[in-house]
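Working notes, structure below.
Each chain gets a letter, A, B and so on, in the order the sequences are listed, and its residues count up from 1. Treat the numbers as computed from the prediction; the structure is a model and nothing was measured.
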There are 2 protein chains.
Amino acid sequence: MNEGVEWAIHSCVNLCWVPGEPMTAKRLAAFYDLPTAYLNKQLQALARAGILSSTSGPKGGFQLARRPDKITLLDIVIAIDGPDDAFRCTAILKAGPGGDPREDYRKTCLVSGAMRRADLAYRRELAARTIADLVADVERTSPRTPENTRTWFANLKS
Amino acid sequence: MNEGVEWAIHSCVNLCWVPGEPMTAKRLAAFYDLPTAYLNKQLQALARAGILSSTSGPKGGFQLARRPDKITLLDIVIAIDGPDDAFRCTAILKAGPGGDPREDYRKTCLVSGAMRRADLAYRRELAARTIADLVADVERTSPRTPENTRTWFANLKS
DNA sequence: GACGATATACTCGGATACCCCTTGTCCGAGTCTAGCTGG
DNA sequence: CCAGCTAGACTCGGACAAGGGGTATCCGAGTATATCGTC
């Protein structure tokens, strides 16, 4: 899986704690010492998916496009990593004896079905978890994190 | 995910239907018109994992090392694709403010935990499905497949 | 002093190289078989 | 005719290239701001 998924999730959580004005990719990258341009690329993907809204120019940056409880982890994974399943059925039954070139083995092949069921379980788990849930969990575990994050970004120079 | 996983599962199912003598990688590859040497590589991985047993020389080949109901899809996925999770936590919290270099964020980071939970759901689904289950499902759906497969391999020349 | 045009600096956005892992291939080690040779 | 040896062929096994996608970077399009000039 794409490494940017991790960056994207953490960045969305941080965006929850510093609301109001847009946050630039540069500042978000500085928080975790990440390569700025590459994180920018991931945030662009989130913006294309409608998860973030982006504004250009000075005082520009990224901010959440909708409420945190309406952003699931699956949304982020799909935005960054693409909509394809981990297991991709290449329909090798088509090349085997008795294979029908017109049949859609992604539907009928039982091997494909078993793997697809696992993929669905994975996605169901991700879809059940929102950014708001994560934020709430962190605030419950270490309540000072939101305030610390806000002050850190406030004291950030450049 | 590695494409060889699909080949490996289908090959294991076929091995269930042609028991007794070992089956060469060449014959298994011919069934689906796959590159022989590369399928051999995947079968080697299954042998290293203890799923298949391999014998060299003429009359050699691969056969199941244990009963089909003791081989889960997760075993095959791990053997081919490696034991790593899809989401790998790089512990970016370590680089952030207040990050403790000694802490194991793979355990404590809540983002990592949420992703790990999804991974576990995925693996649980795969672990609950054995080769024997797949074989039984196929035999229920199309009962003539085992016999057809046997005769196909029997009539295969080289 | 106030308003407007302009130059500037800063942001996102997409197009462009680099690199590692998956894919694919090849030749060597080991082994069973079949044939040959000698008794 | 039978036992033993030897040569051969066939298999797995791991080491060796080639391609594609993730990783990383750079420069251009667009915009809010601050400055300067004019009224």
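Atom CZ in B:R48 sits roughly 5 Å away from atom P in D:dG14 (whole-Å rounding). In this structure, the CD atom of A:E6 is 17 Å from the P atom of D:dG22, given to the nearest Å. If you measure from atom CD of B:Q63 to atom C1' of D:dC12, you get 14 Å, rounded to the nearest angstrom. Following rounding to the nearest Å, B:D84 (CG) and C:dC21 (P) show an atom-to-atom distance of 11 Å. Between the P atom of C:dC32 and the CD atom of B:E21 lies a distance of 16 Å, rounded to the nearest Å. Taking atom NZ on A:K59 and atom P on C:dC10, their separation rounds to 12 Å, with Å as the unit. Distance CZ (A:R27) to P (C:dC12): 11 Å, rounded to an integer number of Å. Between the NZ atom of B:K26 and the C1' atom of D:dG13 there is a distance of 17 Å, rounded to whole Å.
In this structure, A:N2 reaches the sugar-phosphate backbone alone: every heavy-atom distance under 4.0 Å involves primed, P, OP1 or OP2 atoms, never a base.
The listed nucleotides are D:dC12, C:dG14, C:dC32; the one nearest the side chain of A:Q44 is C:dG14. Comparing C:dG13, D:dA15, D:dG14 by their nearest atom to the side chain of A:S54 picks out C:dG13. Here the side chain of A:Y38 is nearest to one of D:dT11, D:dT23, C:dT11, namely D:dT23. Taking every side-chain heavy atom of B:T24 into account, D:dT11 is the closest of C:dG13, D:dT11, D:dG22. The side chain of A:P58 sits closest to D:dA32 out of D:dA32, C:dT23, D:dC12. Of all nucleotides listed (D:dT25, D:dC12, D:dC10), D:dT25 comes nearest to the side chain of A:A37.
Ring centers of A:W152 and A:F31: under 6.0 Å apart, within the cut-off.
Salt-bridge check for A:R66 with A:D75: passed, with a basic side-chain N closer than 4.0 Å to an acidic carboxylate O. No salt bridge links B:D104 with B:K94; every basic N to acidic carboxylate O contact stays at or beyond 4.0 Å. Under the 4.0 Å criterion applied to side-chain N and carboxylate O atoms, B:R150 and B:E147 are assigned as salt-bridge partners.
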>> For a salt bridge (charged side-chain N to carboxylate O under 4.0 Å, His left out) check, start with the C-alpha distance between A:R123 and A:D85, then their side-chain angles and the critical distance, and finish with the verdict.
In response: CA-CA 9 Å; A:R123 293 166 109 82; A:D85 288 350; 3.1 Å; yes
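Each of A:K41 and A:G57 has a nearest nucleotide on DNA chain C; the 5'-most of these lies closest to A:G57. Sequence order on DNA chain D of the closest nucleotides to B:L43 and A:T36 puts B:L43 first from the 5' end.
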